[in-house]
Q: 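First, the structure itself, so that you have it in front of you.
Here is how names work: the chains are called A, B, and so on, in the same order as the sequence lines, proteins then strands, and each is numbered from 1. In what follows, every heavy atom counts, from backbone to side chain, and hydrogens, waters and symmetry copies are set aside.
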Amino acid sequence: MTLKFTNTLSRRLETFEPIHPGEVSLYTCGPTVYDTAHIGNLRTFMFEDLLKRFLIYKGYRVSHVMNITDVDDKTIDRAITEDLSLTELTEHHTRIFLEDLRTLNILPADYLPRATEFIPQMVESIKVLLEKGHAYRTDEGSVFFDVSSFPEYGRLARLDPEQLRSGERVADDDYQKDEARDFALWKARKPTDGDYAWPSQWSAGRPGWHIECSIMSTHFLGKHFDIHCGGVDNIFPHHENEIAQSRCLHNTPFVNLWLHSEHLIVDGQKMSKSLGNFYTLQDILDRQCSPEAVRYTLLATQYRQKLNFTFPRVQESQKAINRLRELVRRLEEVPSSQTGTRPEIPDKAVEAALDDDLNIAGALGAIFSWARELFGLMDGCDLSHEAASKSLEALRRYDEILGVIYFNLDSETGADIKRLIKERDQARKDGDWARADAIREELLTRGIILEDTSSGTIWKKG
RNA sequence: GGCGACGUACCCAAGCGGUCCAAGGGGGCGGUCUGCAAAACCGCUAUUCACCGGUUCGAAUCCGGUCGUCGCCUCCA
């Protein structure tokens, strides 16, 4: 099986070959912590989690770096308007962000560097770019990257640098630069920045956005590493600029594989922080959606497809998860004396689908067809105990990638539910169907479905 | 104006020239089971893949055109 990805650089499906066999260096663009992440941001982190989990499943050792952008225009503006220190603001949102990742069962990165921790290194690199003639200083003390000094500029985004020069959308910032397309490496402090400025030989100021990723990725992963991810909106200008800086700085290839996830839309409409039509994870959980159902929803659409987020879809996801959990429950009940058929475990189909540019729908299709087969055999008492054990092992393996079956399984306040189930059991024994049904109804309004099975009453999320 | 993506059943969605007169999930209908349900199982729910033409022995899959939806073109994942 060969792992293939659509590389943004070539827009083609390419066989993945890590620089060092068996190891993958992965950099994923993290959040700008000026506000709570919305569900669209989380879609990208979800895609990156699937990528990382599948690489680990394939046996690679993954070094994963995710930056935290804790200084830029937005964080500074927000800190000042909310009358907080920059650190108070960014630490608060960083904490919420990391909590959201945990809630969604997203594996944490190995390194989570903050931009503010690397400013001296950024200054040092900007100095090198100036020395090499790839950047220039303005009178006010800002430093800009000279796009004309890098002939390959525009290759990732497939944009013609000449046309960028005469673009309609002139930058609205008030820095002086030679060309509209040039971008900031260092921004001299403005009065609206308050006290937030760091020293440099050009001015007290702060780094531009793009330089942080160039510096922090190479710091942890080396000048040439395997994979760099982000949302499609990062292709231009952010990643284009990162490439320009890094290539000019080190004269190395920088990144082999660029992967970008499509946007999430809500009810068919584009969503972005600037439009303000966003749901946070908490907003969604407040509507009785379980974290695993949200996770499944974000996971189940291939990363290069737009994902239309709707609440009915989250409900569908919950049902799909329930089906897999029901399968686990039934498999665990197969008696040890049971003999019968041993259906084929769909390892190959699952891996082949994910190998093909993370075709998650194909992988889920293979798992669910197999699930149907298993249910059928169990209904006919024709699944051997050994096959059931092997199937459970396979489900555990798949869930190392999916993270929805065993995750968050018993998080509900179970005691109260169990008490009501007990009460209902007694009512059923007494033939008090009205009372039994009333209890079932009551739990249903709390999003809990009761099912009477041969081995007793069980409950699941609705 | 430039670059690019997409259009498959009621909804979501796989499919990458034949094994597809099209996976899988959700929904609906009928049946088995059940105190009733639910779950599970069985059957049904696209002679068809936006539309038109072409290439081919053969196309949802390749090519051309039309229509439609959407994204990017300086800092929004």
Q: Does A:Asp437 get its side chain close enough to the base of B:G35, under 3.5 Å, for a donor-acceptor pair?
A: yes
Q: Does A:Glu262 have any side chain to side chain donor-acceptor pair (under 3.5 Å) partners at least two apart in sequence or in another chain, and if so, which?
A: none
Q: Would you give me the side-chain donor-acceptor pairs under 3.5 Å for residues 364-381 of chain A, sequence neighbours excluded?
A:
from	atom 1	to	atom 2	distance (Å)
A:Ser369	OG	A:Gly365	O	2.6
A:Asp379	OD1	A:Arg330	NH2	2.7

Q: For nucleotides 37-39 of chain B, tabulate all protein N/O to nucleotide N/O atom pairs closer than 3.5 Å, reporting atom names and distance.
A:
from	atom 1	to	atom 2	distance (Å)
B:A37	N6	A:Asp452	O	2.9
B:A37	N1	A:Asp452	N	2.8
B:A37	N3	A:Arg440	NH1	2.9
B:A38	O2'	A:Glu451	OE2	3.0
B:A39	O4'	A:Glu451	OE1	3.3
B:A39	O4'	A:Glu451	OE2	3.2
B:A39	O2'	A:Glu326	OE2	2.9

Q: Would you say the side-chain atoms of A:Thr301 pair up with the backbone N or O of A:Thr297, donor to acceptor, closer than 3.5 Å?
A: no
Q: Looking only at side-chain N and O atoms, does A:Asp226 offer a donor or acceptor that is under 3.5 Å from a partner on A:Tyr27?
A: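 Distance-only check fails for A:Tyr27 and A:Asp226.
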Q: For A:Leu13, answer base if it contacts any base atom (sugar-phosphate contacts may also be present), sugar-phosphate if it contacts only those atoms, and nothing otherwise; contact means non-hydrogen atoms under 4.0 Å.
A: nothing
Q: A:Gln305 has a side chain; which of B:A40, B:A14, B:A77 sits nearest to it?
A: B:A14
Q: Across the strands shown, which category fits A:Gly365 at heavy-atom distances under 4.0 angstrom: base, sugar-phosphate, nothing?
A: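 Base, at least one base atom sits under 4.0 Å.
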Q: Can you see if the side chain of A:Arg158 gets near the phosphate of B:G2 - specifically, an N or O under 4.0 Å from OP1 or OP2?
A: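 It does not, given that no N or O in the side chain of A:Arg158 lies less than 4.0 Å from OP1 or OP2 of B:G2.
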Q: For B:C75, take OP1 and OP2 only and decide whether either is under 4.0 Å from a side-chain N or O of A:Asn234.
A: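 Answer is no, no contact under 4.0 Å.
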Q: Quick one: label A:Phe368 by what it contacts on the DNA or RNA (base, sugar-phosphate, nothing), any heavy atom closer than 4.0 Å.
A: sugar-phosphate
Q: Roughly how many Å is it from CG in A:Leu327 to P in B:G24, rounded to a whole number?
A: 15 Å
Q: Quick check for you: among B:G35, B:G24, B:C75, whose closest atom lies nearest to any side-chain atom of A:Ala436?
A: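 For A:Ala436, the side-chain atoms sit closest to B:G35.
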Q: Give a yes/no answer on whether the side chain of A:Lys74 brings an N or O atom under 4.0 Å of OP1 or OP2 in B:C76.
A: yes
Q: Mark yes or no for a side-chain to base donor-acceptor pair under 3.5 Å between A:Asp73 and B:C75, with no hydrogen or angle criteria applied.
A: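 By the distance-only test, no, there is no pair.
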Q: Counting any heavy atom closer than 4.0 Å, what does A:Gly230 reach on the DNA or RNA strands: base, sugar-phosphate only, or nothing?
A: sugar-phosphate
Q: B:C73, B:G25, B:C76: which one has an atom nearest the side-chain heavy atoms of A:Leu159?
A: B:C73
Q: For a quick check of understanding: with a heavy-atom distance under 4.0 Å over all strands, which category does A:Asn322 fall into, base, sugar-phosphate or nothing?
A: nothing
Q: Side-chain donor-acceptor pair under 3.5 Å between A:Thr75 and A:Asp72, yes or no?
A: yes
Q: For A:Lys52, run the side-chain contact (heavy atoms from CB on, under 4.5 Å) check against A:Ile227, A:Thr28, A:Ile106, A:Leu26 and tell me which one passes.
A: A:Leu26
Q: Please name the pair of heavy atoms, one in A:Leu383 and one in A:Pro343, separated by the smallest distance, quoted to 0.1 Å.
A: CD1-CD, 3.5 Å
Q: Would you mind telling me which residue lines up with the more 5' stretch of RNA chain B, A:Gln302 or A:Arg43, judged by nearest nucleotide?
A: A:Gln302
Q: To the nearest Å, give me how far apart CG (A:Leu185) and P (B:C75) are.
A: 16 Å
Q: Nearest-Å distance, CD (A:Gln315) to C1' (B:C11)?
A: 14 Å
Q: What contact category does A:Ala361 fall into here, base, sugar-phosphate, or nothing, at under 4.0 angstrom with non-hydrogen atoms?
A: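 Base contact.
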Q: Assign A:Ser261 to base, sugar-phosphate, or nothing according to its heavy-atom contacts below 4.0 angstrom with the strands shown.
A: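 A:Ser261: no heavy atom of the nucleic acid under 4.0 Å.
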Q: Tell me the interatomic distance from A:His260, atom NE2, to B:C6, atom P, rounded to whole angstroms.
A: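 Answer to the nearest Å: 17 Å.
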Q: Whole angstrom is fine here: how far is it from CZ in A:Arg435 over to C1' in B:C36?
A: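 Nearest whole value for this atom pair: 17 Å.
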Q: Nearest whole Å is fine: how far is B:C16 P from A:Leu358 CG?
A: 17 Å
Q: Answer yes or no: does a side-chain N or O of A:Arg372 lie under 4.0 Å from OP1 or OP2 of B:G25?
A: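 So the side chain of A:Arg372 is within the cut-off, an N or O lying under 4.0 Å from OP1 or OP2 of B:G25.
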Q: Taking atom C1' of B:A13 as reference, at what distance in whole Å does atom CD of A:Glu316 sit?
A: 10 Å
Q: In whole Å, I'd like the distance from the CG atom of A:Asp357 to the C1' atom of B:G15.
A: 14 Å
Q: Tell me yes or no: between the side chains of A:Gln426 and A:Asp430, is some donor less than 3.5 Å from an acceptor?
A: yes
Q: Determine whether the aromatic ring centres of residues A:Tyr153 and A:Phe145 are separated by less than 6.0 angstrom.
A: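 Ring centres of A:Tyr153 and A:Phe145 not closer than 6.0 Å.
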